[in-house]
Amino acid sequence: MKSEPDVYSIDTLASERIGTWEGVRSYQARNHMRAMKRGDLALFYHSSVVPPGVLGVMRIHREAYPDPTQFDPSSPYYDDKSSPSAPRWDRVDVEFVEKLPRLVTLDELKGDPRFADMLVIRRGMRLSVQPVAASDFKAIVASAKKKKR
DNA sequence: GCCAACGTTGGC
DNA sequence: GCCAACGTTGGC
């Protein structure tokens with residue numbers, strides 16, 4: 001799950017402990033959120049920074065429910081085609097698990113053949129919420145916990 | 001700031 | 001329903 005740290009960062013989530021993942025306005029990303037179950041783990045990816053990459057782990061705390069920002073005309077995430085009777089967009093709540101000891105950069109993922117099939121490599125982080133194979137998830141976290149290569 | 005990828009929109 | 005035009009996004 002990607003976020004621009006200027007908007008919402010792993011440190012903010014660490015201080016809140018429970019955060020909410022709102023503002024997703026892509027059907028594919030929304031559908032991935034709807035597939036999440038409480039207790040599922042997720043990687044926190046920082047985008048639009050140099051370098052981009054993964055630097056945290058969180059757990060789904062509350063499964064998808066309507067994102068209230070879609071009904072708020074003063075919100076940047078307002079959607080005038082949505083309504084409370086027919087909500088279009090969802091959010092999930094997430095619980096902080098850990099900040100990784102170092103950033104695992106996008107470059108590093110691109111350079112490791114084990115990750116060649118990851119969506120983030122194949123399609124980029126344009127898809128802001130995307131599924132990650134358990135084996136990739138574990139390998140990324142393990143890599144962060146080893147000393148820098 | 002630029003560009004490529006790609007999702008969305010609207011005219012037909 | 002098709003598809004060209006357009007807008008948005010993320011990486012560089």
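A note on names: the letters A, B, ... follow the listed sequences, proteins ahead of strands, and every chain is numbered from 1.
One atom, CZ of A:Arg25, and another, P of C:dG10, lie 14 Å apart when rounded to the nearest Å. Separating the CZ atom of A:Arg122 from the P atom of C:dG11 is a distance of 17 Å, rounded to the nearest angstrom. Counting to the nearest Å, the P atom of B:dG10 and the NZ atom of A:Lys81 are 7 Å from each other. Between the P atom of B:dC6 and the CG atom of A:Leu127 lies a distance of 11 Å, rounded to the nearest Å. Spacing between atom CD of A:Gln28 and atom P of C:dG10 amounts to 13 Å, rounded to whole angstrom units. Between the CZ atom of A:Arg88 and the C1' atom of B:dG7 there is a distance of 13 Å, given to the nearest Å. Taking atom CG of A:Asp79 as the reference point, atom P of C:dG7 lies 17 Å away to the nearest angstrom. Separating the CG atom of A:Asp6 from the C1' atom of C:dG11 is a distance of 15 Å, rounded to the nearest angstrom.
No side-chain donor-acceptor contact under 3.5 Å links A:Thr69 and A:Glu22. A:Tyr77 and A:Asp72 share no side-chain donor-acceptor pair at under 3.5 Å.
At the phosphate of B:dC6, neither OP1 nor OP2 sits under 4.0 Å from any side-chain N or O atom of A:Tyr27. Between A:Lys2 and C:dG11 there is no side-chain polar atom (N or O) within less than 4.0 angstrom of OP1 or OP2.
Taking the six-membered ring for Trp and thresholds of 30 and 60 degrees, A:Phe44 and A:Tyr8 have nearly parallel ring planes, at less than 30 degrees apart.
Closest contact between the side chain of A:Glu4 and the listed nucleotides B:dG7, C:dG10, C:dG11 involves C:dG10. Nearest to the side chain of A:Arg123, among B:dC6, B:dT9, C:dG11, sits B:dC6.
With a 4.5 Å cut-off between side-chain heavy atoms of Ile, Leu, Val, Met, Phe, Trp and Tyr, the cluster of A:Tyr27 takes in A:Trp89.
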